[in-house]
Structure formats: C-alpha cells, structure tokens
Amino acid sequence: MARQLDYHTIRAIFDRFQTAEPEPEGELEHVNAFTLVVAVALSAQATDAGVNKATRKLFAVADTPEKMLALGEEGVTEHIRTIGLFRNKAKNVIKLSRILVEEYGGEVPNSRAALESLPGVGRKTANVVLNMWWRFPAQAVDTHIFRVGNRTGIAPGRDVVAVERAIEDNVPVDYLLHAHHWMILHGRYTCVARKPKCPACLIRDLCPFEEKTP
Ligand code: SF4
C-alpha cells in the first residue's frame with residue numbers, strides 16, 4: 001500500500017485531471033434516475049459498453065418502474081440475456097420496480113440507506129446514483145478506483161470502504177464531486193491493472209508508485 005500523499009500533491013493531481021477533462025461523465029446510458037439505478041445495478045461484473053447495448057432497447061420500452069413491471073421478469077430477461085448474471089438481475093429489477101411503485105410513489109429515493117435497501121443495489125451502486133444523478137460528492141469505489149487510490153497514495157486503504165473514506169478525507173472539496181469519474185477513467189485507460197501506461201501518464205512525476213513502467 002502506498003504512503004498517503006500530501007495535500008499539495010493531491011491538489012496538483014486533481015488540477016491536472018480537471019484541466020485534461022473539465023466535466024468527466026459516467027459512461028452508463030440512462031434517461032432518468034430510475035434507468036440510472038437499473039443500469040448501475042446491471043453493470044455489476046459487466047462492462048458499461050455491454051450494459052448500454054442491452055439497455056438501449058430495454059429503456060426504449062420501459063423507462064419507469066411501472067413500465068418495467070408491465071414488461072415483467074420474462075420480458076426483462078429477454079432484453080438483458082447478454083449481460084452476466086442476467087436471471088438474477090432481471091429478478092432484482094422487477095423487485096426493485098415493485099418497491100419503488102408501492103413504497104415511493106414510482107420515484108427513486110435519494111438517501112444512501114433507502115437506495116441500499118433496494119434489491120440488487122449495494123453501497124457502490126447507491127454512491128454512483130447519488131453522485132451522477134443528485135451530484136452529491138459520494139465516492140463509489142470500484143476496482144479501478146481502489147487500484148488508483150492505492151498506487152498513487154491519493155487514498156490508500158485495505159478495502160473499498162477504507163478507500164472511500166480516504167477519498168472523502170483527502171481530496172479537496174472543490175474536486176470531490178468529480179473525483180469518482182476522474183479516478184475511474186484514469187484507472188480504466190491509463191493506470192490499468194497489469195501494465196500501467198506510466199510513460200503516457202499525466203501525473204507520472206507526482207505518482208510515488210514504485211513499480212512504474214519505463
Ligand atoms: S505513473 Fe503509472 S502507476 Fe502512477 S498513476 Fe500514472 S499510470 Fe498509474
């Protein structure tokens with residue numbers, strides 16, 4: 001685990017991320033809060049591109065909990081067959097749609113606890129929804145953020161919750177809303193798992209990772 005970076009270096013890193021990509025966006029397609037919840041729930045152990053391919057047709061016929069219920073579990077299953085764990089995910093989409101209709105008047109609640117109480121929605125999904133839809137600076141830590149946080153020393157931690165807390169504690173608040181997407185994109189395209197692209201990395205001189213690639 002890398003040592004914790006100091007305030008000025010973290011600020012310099014995020015300044016560069018912001019200059020390179022002032023308004024970073026998530027890559028999961030959605031048209032409202034409900035379709036965002038469904039898309040994020042479907043994305044567990046699947047790629048965003050694979051989810052988008054399936055949800056384009058699904059959301060064209062069902063972009064509200066009511067319409068999703070009308071489509072039914074079989075209908076949802078047909079649309080998401082290409083996504084891993086599709087049977088279980090289809091069940092959860094129907095269950096969460098029913099809860100949204102029966103308990104929340106068809107609206108998506110916006111507290112972490114209420115979101116996490118929905119079937120198939122964990123802490124990470126709840127944080128993505130809070131960040132992307134309500135623009136609350138919640139930090140959803142996935143495998144990319146976990147790696148980048150630890151390699152760079154921005155947010156060292158032994159598990160995802162520790163890294164989530166470390167990001168909240170260490171990243172200056174003016175960068176906190178977008179920290180999630182900057183770190184995901186950095187991990188997905190530059191600081192990749194097996195052979196990070198250090199020679200092309202825009203924070204190479206600020207990164208203390210001892211196994212940088214030449
Ligand atoms: S220098 Fe290498 S290890 Fe450090 S952040 Fe960049 S890509 Fe990752």
Side-chain angles (χ1 to χ4, degrees), residues 1-30 36 39-40 42-53 84 112 122-214:
M1 202 158 69
R3 67 182 162 75
Q4 173 67 60
L5 278 184
D6 66 89
Y7 172 81
H8 298 289
T9 308
I10 292 178
R11 180 162 269 291
I13 286 174
F14 281 96
D15 185 54
R16 288 189 199 173
F17 283 158
Q18 185 174 54
T19 302
E21 183 71 69
E23 285 290 326
E25 286 183 2
E27 296 178 340
L28 279 176
E29 294 173 12
H30 58 281
L36 178 59
V40 183
L42 293 179
S43 73
Q45 295 175 48
T47 64
D48 288 0
V51 172
N52 289 339
K53 214 170 155 202
R112 187 181 286 132
R123 186 178 183 90
K124 190 178 114 209
T125 299
N127 281 337
V128 171
V129 173
L130 291 174
N131 185 290
M132 284 179 67
W133 191 257
W134 279 281
R135 298 181 74 79
F136 177 78
Q139 303 301 320
V141 178
D142 69 353
T143 178
H144 300 301
I145 293 188
F146 186 78
R147 185 173 64 251
V148 170
N150 274 297
R151 278 182 179 167
T152 59
I154 293 170
R158 292 197 185 282
D159 56 43
V160 291
V161 174
V163 170
E164 180 184 320
R165 290 267 178 277
I167 295 172
E168 289 170 355
D169 288 347
N170 299 330
V171 176
V173 292
D174 47 325
Y175 295 123
L176 209 45
L177 177 63
H178 291 319
H180 164 73
H181 284 125
W182 282 320
M183 290 174 77
I184 280 194
L185 295 173
H186 191 63
R188 193 176 282 168
Y189 297 110
T190 306
C191 194
V192 294
R194 289 179 60 186
K195 195 165 182 276
K197 299 173 184 170
C198 303
C201 176
L202 82 174
I203 59 167
R204 180 186 170 84
D205 57 318
L206 302 173
C207 172
F209 187 50
E210 287 176 358
E211 295 157 48
K212 279 187 231 174
T213 53

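Just follow the structure's listing: the first ligand is 1, and inside any ligand the first atom is 1.
The contact set between ligand 1 and C191, taken as ligand atoms under 4.0 Å from a residue heavy atom, comprises 3 (S), 5 (S), 7 (S), 8 (Fe). Distances below 4.0 Å separate heavy atoms of R204 from the following atoms of ligand 1: 1 (S). Remark: ligand 1 atoms within the under-4.0 Å shell around heavy atoms of C207 are 1 (S), 3 (S), 4 (Fe), 5 (S). Shown in contact with H186 at under 4.0 Å from a heavy atom are these atoms of ligand 1, numbered in order with element: 5 (S), 6 (Fe). Which parts of ligand 1 touch T152 is read off a 4.0 Å heavy-atom cut-off, strictly below it: atoms 5 (S). Close approach of ligand 1 to K212 is summarised as follows: ligand atoms under 4.0 Å from at least one heavy atom of the residue are 1 (S).
Using a 4.0 Å cut-off between a side-chain N of Lys or Arg and a carboxylate O of Asp or Glu, R165 and D159 do not qualify as a salt bridge.
Between N127 and H180 there is no side-chain heavy-atom pair separated by less than 4.5 Å. With a 4.5 Å cut-off on side-chain heavy atoms, F17 and L185 do not count as touching. Side-chain atoms of P22 and H178, non-hydrogen and from C-beta on, never get closer than 4.5 Å to each other.
Contacts with ligand 1 closer than 4.0 Å are made by no heavy atom of E211, backbone or side chain. Of all the heavy atoms of T213, none lies under 4.0 Å from any atom of ligand 1, so neither backbone nor side chain is involved.
Between the CZ atom of R188 and the CG atom of D142 there is a distance of 7.0 Å, given to the nearest 0.5 Å.
Here the heavy atom of the protein found nearest to atom 6 (Fe) of ligand 1 is C201 SG, 2.4 Å. Scanning the protein heavy atoms around atom 3 (S) of ligand 1, the nearest turns out to be F209 CD2, 3.3 Å.
Applying the side-chain hydrogen bond (donor to acceptor under 3.5 Å, both in side chains) test to Q139 and every residue at least two apart in sequence or in another chain returns nothing. For H144, the side-chain hydrogen bond (donor to acceptor under 3.5 Å, both in side chains) partners are R147, not counting sequence neighbours.
Between the side chain of H8 and the main chain of D6, no donor-acceptor pair closer than 3.5 Å is present.
Among the atoms of C198, no N, O or S atom falls under 2.8 Å of atom 8 (Fe) of ligand 1.
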